[in-house]
Amino acid sequence: MSSLFLISVLISLGTSIGIVQAGNPNYRDALAKSILFFQGQRSGKLPSGAAQQITWRSNSGLSDGQLAKVDLTGGYYDGGDNVKFNFPMAFTATMLSWGSLEYSKKMEPQLTNTRAAIRWSANYLLKCARATPDRLYVGIGDPNVDHECWERPEDMDTARTVYWVSPSNPGSDVAGETAAALAAASMVFRRVDLKYSKLLLRTAKKVFQFAIQYKGAYSDSLGSAVCPFYCSYSGYMDELLWGAAWLLRATNDVFYFNFLKSLGAGDSPDIFSWDNKFAGAYVLLSRRAVLNNDKNFDSYKQQAEQFMCRILPNSPSSSTQYTKGGLIFKLPESNLQYVTSITFLLTTYSKYMSATKHRFNCGNLVVNSSTLRNIAKRQVDYILGVNPLNMSYMVGYGPRYPKRIHHRGSSLPSLASHPKTIGCKAGFQPFFYSSNPNPNLLVGAVVGGPNQNDGFPDDRTDYSHSEPATYINGAIVGPLAYFANLN
Ligand SMILES: *[C@@H]1O[C@H](CO)[C@@H](O)[C@H](O)[C@H]1NC(C)=O
Ligand SMILES: *[C@@H]1O[C@H](CO)[C@@H](O)[C@H](O)[C@H]1NC(C)=O
């Protein structure tokens, strides 16, 4: 990107502030819906009654694990397909847990539902870590085969291949993230279910030990089963940092602090995602530096602030592009995932700063808690419809939202309305290629979102913009709780 282009983006960002309608999103409504979404992504045996309010879904994947003679039912499908990819699923669980730890008081009355969403993935991750000694199961369903079909999860007849890492085929990235998820979840349940919390923490420690004892990238061990879908492009150092940061927060054990220090400086990213967690780890670790003035964590605070300086639009070291409508624009595929993850870091660091009236500088730009909060609010508001198209990117929220999301279950008739099996290829015509709206509303799903020009085709075949994902929603729950309470 040329600097001239950057300047023109910044100028248009400045002038557009006046144009975009003020808007008054209902954050509480959006918060409730963002959590409800996870019920639509559930795999395994579904509960009945009020515990399963997305009623067009039914049981699926009931034999998951059988090919390895273990029970690996449960967990979430990552997006619009029927595969269980543990790497992004664990990241989603970590972000949901982080959200409920930072914003628990603000999350009422949604705290119970958030815990249920966390537990649904934590139960599955526990199975994956505990079923077989010396193995961590990391995924179910051959993604290449699955992607050739357009069928409901309830009809799934594709190979439910079981994937795992082990001492001879390691995966420090997926193990580090799984450890992070279990450690974070253990804190969520500490006051409500101590026994469960202890099991989560014990398992987190074990999985992390595996991650550091047998170092390697799971992409090297599993190849086309995880790449290009959820390849660990950023390597595994970020997951080791992130995993150790979560275990330190959960245990306060100096072992994890020493391990963190042994990892050295780490990267300087301008992104945060299921793949690259450096920035998340910096913000998480900066907490004690900002809130308690603990000098041991100063280097992370500096890295967290340098990250913010790469995000803020008026910062001299900014490397972040914004659309004319004011949306952070990182990458053309599923851009909103980066927006929600980065927004989580903005609100959370803003919250830390606000508690101690902390400020920092990006060159000559003075940044205080409101600087970060304002940018975060613009991102959340944009997603909820304050944008040039007046389009909410959360299904079922507001008067105008995506109607043709790239999601098998949502786009095919439900079992109740069409009990007969719809086979692998039978879903493409007439359902996938149809221009009709999806028959089933996946309430709360946030999709990949608009393009660089704030445009959105609402086209089911266009997965880059129309597919929802657990990790997009997993990261927006915290910021929605934050703004719901500020109102
Ligand atoms: C942050 O700085 C801006 C601009 O100087 C100022 O208007 C705002 O009141 C400050 N907010 C806080 C919380 O200090
Ligand atoms: C969005 O809403 C504003 C304010 O109501 C209106 O002026 C504008 O024309 C709308 N834009 C579109 C694309 O509908």
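Fair warning: this is a prediction, and the values are worked out from it, not measured in the lab. Numbering of ligands and ligand atoms starts at 1, following listing order.
- A salt bridge is defined here as a Lys NZ or Arg NE, NH1 or NH2 lying under 4.0 Å from an Asp or Glu carboxylate O, and Asp270 with Arg310 fails to meet this definition.
- The pair Arg115-Asp193 does not meet the salt-bridge criterion, since no charged nitrogen lies less than 4.0 angstrom from a carboxylate oxygen.
- The closest donor-acceptor contact from the side chain of Asp29 to the backbone of Tyr397 lies at 3.5 Å or more, if one exists at all.
- Here the heavy atom of the protein found nearest to atom 5 (O) of ligand 1 is Asn368 ND2, 4.8 Å.
- Of all the heavy atoms of Arg359, the ones lying under 4.0 Å from any atom of ligand 1 belong exclusively to the side chain.
- Of the protein's heavy atoms, at least one falls inside 4.0 Å of atom 11 (N) of ligand 1.
- In Tyr463, the OH atom is not crowded: 12 or fewer heavy atoms of neighbouring residues, nucleotides or ligands sit closer than 6.0 Å.
- Counting heavy atoms under 4.0 Å from ligand 1, residue Ser369 touches it through the side chain alone.
- Each of Lys377, Lys106, Arg28 was checked for a side-chain contact (heavy atoms from CB on, under 4.5 Å) with Phe483, and the lone residue meeting it is Lys377.
- Remark: atom 14 (O) of ligand 1 lies closer than 4.0 Å to at least one protein heavy atom.
- Where the criterion is an N or O separation shorter than 3.5 Å, residue side chain and backbone included, Ser370 meets it with respect to ligand 1.
- Proximity of Met391 to ligand 2 is not established, as no heavy-atom distance is less than 4.0 Å.
- Close approach to Arg400 involves these atoms of ligand 2, each under 4.0 Å from a residue heavy atom: 14 (O).
- Aromatic ring orientation, Tyr300 versus Phe297: tilted (interplanar angle from 30° to 60°).
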